[in-house]
Amino acid sequence: VSGKSAFAVLASLLVLGGCGGSVDSTTVSGKITYRSQPLANGIVTFYPESGHPISSGIDSAGTYTANVPAGKYRVAVQGPSIQVPEGWKEGDPPPPPPKIVLPPEYSERARTKLQLTVAEDGGPQAENFDLK
């Protein structure tokens with residue numbers, strides 16, 4: 001499985017597993033940047049005050065879309081995962097670690113400073129996160 005394919009499968013599972021297809025959810029989408037550059041191939045997770053977190057993959061342009069019920073959330077962002085190079089096989093040297101490691105104030109649930117309030121009107125909501 002190529003690195004891009006593995007990421008796509010992981011992101012799909014996270015989105016499907018986290019959304020639950022709730023009728024009472026709002027489509028939240030936006031762009032995540034780190035140091036003014038799109039944060040490609042990461043994961044954004046919305047942690048509600050109570051209940052289960054909702055995760056969404058971040059695409060190569062730094063954009064995400066998630067179905068999120070109304071309420072207040074803490075938001076954590078994980079940077080890109082290790083990318084397995086095309087043609088990599090067992091026994092090859094391990095792929096290099098990701099070049100971007102986000103500070104804990106963005107990436108850890110307990111320490112994140114990022115927040116989101118989803119309105120109850122149910123209309124689409126745009127929310128960008130600019131990580132410094």
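Atoms considered below: every heavy atom in the structure, side chains included; atoms not considered: hydrogens, waters and symmetry mates.
Contact between Q78 and A76 at its shortest, heavy atoms only, is NE2-CB, 4.0 Å.
The shortest distance between side-chain heavy atoms of L39 and L102 falls below 4.5 Å. The side-chain heavy atoms of L131 and V77, taken from C-beta on, include a pair separated by under 4.5 Å. Contact of the P69 side chain with the I54 side chain is registered, since non-hydrogen atoms from C-beta on lie closer than 4.5 Å. Here the side chains of P38 and D59 are not in contact, with every heavy-atom distance at 4.5 Å or above.
Within a 6.0 Å radius of CD in E105, more than 12 heavy atoms belonging to other residues, nucleotides or ligands are found.
Qualifying side chain to side chain donor-acceptor pair (under 3.5 Å) partners for S107, counting only residues two or more places apart in sequence or in other chains: none. Annotation: side chain to side chain donor-acceptor pair (under 3.5 Å) contacts of T112 (sequence neighbours excluded): none.
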Could you pull out every donor-acceptor pair under 3.5 Å between side chains of residues 26-34 and any protein atom, sequence neighbours left out?
| from | atom 1 | to | atom 2 | distance (Å) |
| --- | --- | --- | --- | --- |
| T27 | OG1 | N67 | OD1 | 3.1 |
| T33 | OG1 | D130 | OD1 | 2.7 |

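If you take CZ on R74 and CD on E108, they are separated by 10.5 Å, rounding to the nearest 0.5 Å. Distance NZ/K113 to CZ/F129: 15.0 Å, rounded to 0.5 Å. Expressed to the nearest 0.5 Å, how far CG of N41 lies from OG of S60 amounts to 6.0 Å. To the nearest 0.5 Å, atom OH of residue Y106 and atom NZ of residue K132 are 7.5 Å apart.
Below 30°, between 30° and 60°, or above 60°: for Y64 and F46 the angle between ring planes is between 30° and 60°, a tilted geometry.
Q115 contributes no side-chain N or O that, together with a main-chain N or O of K72, makes up a donor-acceptor pair within less than 3.5 Å.
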Next on the checklist: Quick one, Y73 with E49, criterion side-chain contact (heavy atoms from CB on, under 4.5 Å). Give me CA distance, side-chain angles, the key distance, then yes/no.
Outcome noted: CA-CA 6 Å; Y73 295 84; E49 293 175 332; over 6 Å; no
Checklist entry - So S25 and V68, side-chain contact (heavy atoms from CB on, under 4.5 Å) or not? Walk me through it. => result CA-CA 5 Å; S25 64; V68 182; 5.7 Å; no
Checklist entry - After noting the C-alpha distance and the side-chain angles of Q125 and L116, does the key distance pass the side-chain contact (heavy atoms from CB on, under 4.5 Å) rule? => result CA-CA 11 Å; Q125 185 171 330; L116 171 69; 3.7 Å; yes
